[in-house]
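For reference, the structure discussed in these notes is given below.
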Amino acid sequence: MRQLPAVDALLTDERSSALISDYGPDLVKNEIRALIANTRSAVLDGKQTKVPSTDTLFVTLQSALEAKVSPSLYPIINATGVIIHTNLGRAPLSDAAQAAMQAVARDYNTLEFDMRTGKRGKRTRHAQTLLQELTGAEAALIVNNCASGLILILSALAKRKGVAISRGQLVEIGGGFRVPDIMKQSGAKLVEVGTTNRTHLRDFETVLADEEQKPKVGMLLRAHSSNFRVIGFTTQPTLAELVKLGHQHGVIVADDLGSGSFLQTADFGLAAEPTVQDSIAAGVDVLSFSGDKLLGGPQAGIILGKKEVVAKLAKHPLTRAIRPDKITLAALTATLLHYLKGEATTEIPIWRMISMPLATIEAVAQRWRNAWGERASCIDGVSTVGGGSLPEETLPTKLVALTVAKPDHFMKRLRQEKIIARILDNQVVFDPRTVHADQIAHVEERVATLL
Ligand SMILES: *Cc1c(COP(=O)(O)O)cnc(C)c1O
């Protein structure tokens, strides 16, 4: 133990001054203390037979400090072909969205300031008119994400009321977010309608007409089944039918769209997703969808609907707790502008990926295969949209498959290079669709080196 240097001895060593200028005195001091304490107990416990040299201690100290300051959130390259990958941060943002975020992050801004009057302005006005113009909605409200939007809608409009929803739509979105639990949380009472596979309009009529129903039904909710599909002998009333019925009975009709696309997914060889414009045109009172799924923007919950309904939401105390920040609003506005200018498929990364021609993908796949040698082959495969949207829907793609001795081990080495691929039939496969153009050469070079 006498060989173990004192904290002060290490701290005054000249090697510490370089570390202090990089990491600051407090952090270096704390890490030296921790290092000495750890070394002491390792030796006492017999895990280490002798005290390491001061040189070795400084090497350990350096890497401990590096580990401490490296963020856990950092960019990676997505070669999985899953376009909206929730674990990998969902939608990557357009150049314009990134620039808009940076601009308001750096400078003071008009977040809640009215430049005409020089007085306090409203945060809620940002992106409002754009959303109205793009969707035909009377009013809009941006919140933190779609889940919080749904909680707000239920809390503000259906507390202590019955909310009728088809049994086929009692979905768990993931991360334990279940429609029935959200209802309970919001003080609304779930009224299940129909069966898992078949729900008719008359099933909704029955619960609305039921005098015994306590509390009375105050809302009809349609929830997008997002990440699952009911196939076979199935039926659901259309949104327009629900709206007509709801309004005959004076109850609110709400739509949890989940992904919420502005573009017709059928135009891209995918199943038809209901668009936001369709739901507005069907006459729903209020709807919500995510900013970072098929919209291709930042994490946000976008609530659209009738003026008086949205005004009620905006006044609810919960709204303050789930409000978006300036950076989100800037990115969202820039993303919405791409739709307004008709440039979504060229400027918004997820739409660029969805609409990417197979020939473009194949050219990259061949380039990689050529660079990676005989263990690589080009094969047909599928990319998926992901993000709890369009379940089972795939886009034909070209993959590069690598035959390696230990695929799991190779995947680990790839992760150290910040490249995420996938394993398919015991091969490591790379889908060029989700790799940005400026990352192609890097992937080529890193994988070649690993091989
Ligand atoms: C994804 C999803 C949500 C939650 O959206 P977040 O923006 O992740 O909070 C809610 N409802 C449906 C139907 C969804 O697909």
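When a ligand or atom number is given, it counts from 1 through the structure's own listing order. The structure presented is a predicted model; accordingly, all values stated were derived computationally and were not measured. Only heavy atoms go into these numbers, but all of them, side chains included; no hydrogens, no water, no symmetry mates.
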Check ligand 1 against the protein and report each N/O to N/O distance under 3.5 Å, formatted as atom name, atom name, distance.
{"residue": "ligand 1", "atom": "5 (O)", "partner": "Ser290", "partner atom": "OG", "Å": "3.0"}
{"residue": "ligand 1", "atom": "7 (O)", "partner": "Cys146", "partner atom": "N", "Å": "3.0"}
{"residue": "ligand 1", "atom": "7 (O)", "partner": "Ser290", "partner atom": "OG", "Å": "2.5"}
{"residue": "ligand 1", "atom": "8 (O)", "partner": "Arg90", "partner atom": "NH1", "Å": "2.9"}
{"residue": "ligand 1", "atom": "8 (O)", "partner": "Arg90", "partner atom": "NH2", "Å": "3.0"}
{"residue": "ligand 1", "atom": "9 (O)", "partner": "Asn145", "partner atom": "ND2", "Å": "3.3"}
{"residue": "ligand 1", "atom": "9 (O)", "partner": "Cys146", "partner atom": "N", "Å": "3.3"}
{"residue": "ligand 1", "atom": "9 (O)", "partner": "Ala147", "partner atom": "N", "Å": "2.8"}
{"residue": "ligand 1", "atom": "11 (N)", "partner": "Asp256", "partner atom": "OD1", "Å": "3.1"}
{"residue": "ligand 1", "atom": "11 (N)", "partner": "Asp256", "partner atom": "OD2", "Å": "2.8"}
{"residue": "ligand 1", "atom": "15 (O)", "partner": "Ser226", "partner atom": "OG", "Å": "3.0"}
{"residue": "ligand 1", "atom": "15 (O)", "partner": "Lys293", "partner atom": "NZ", "Å": "2.8"}

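For the residue pair Gln427 / Thr403, a side-chain donor-acceptor distance below 3.5 Å is found, with atom types taken as modelled. Side-chain contact check for Glu347 and His338: no donor-acceptor pair (N or O, by modelled atom type) lies under 3.5 Å. For the residue pair Asp203 / Thr206, no side-chain donor-acceptor distance below 3.5 Å is found, with atom types taken as modelled. Using modelled atom types and a 3.5 Å distance limit, the side chains of Gln128 and Gln132 yield a donor-acceptor pair. Between the side chains of Glu205 and His249, no donor-acceptor pair is found at a separation under 3.5 Å. Judged purely by distance below 3.5 Å, without hydrogens or angles, the side chains of Arg167 and Thr195 never pair a donor atom with an acceptor atom.
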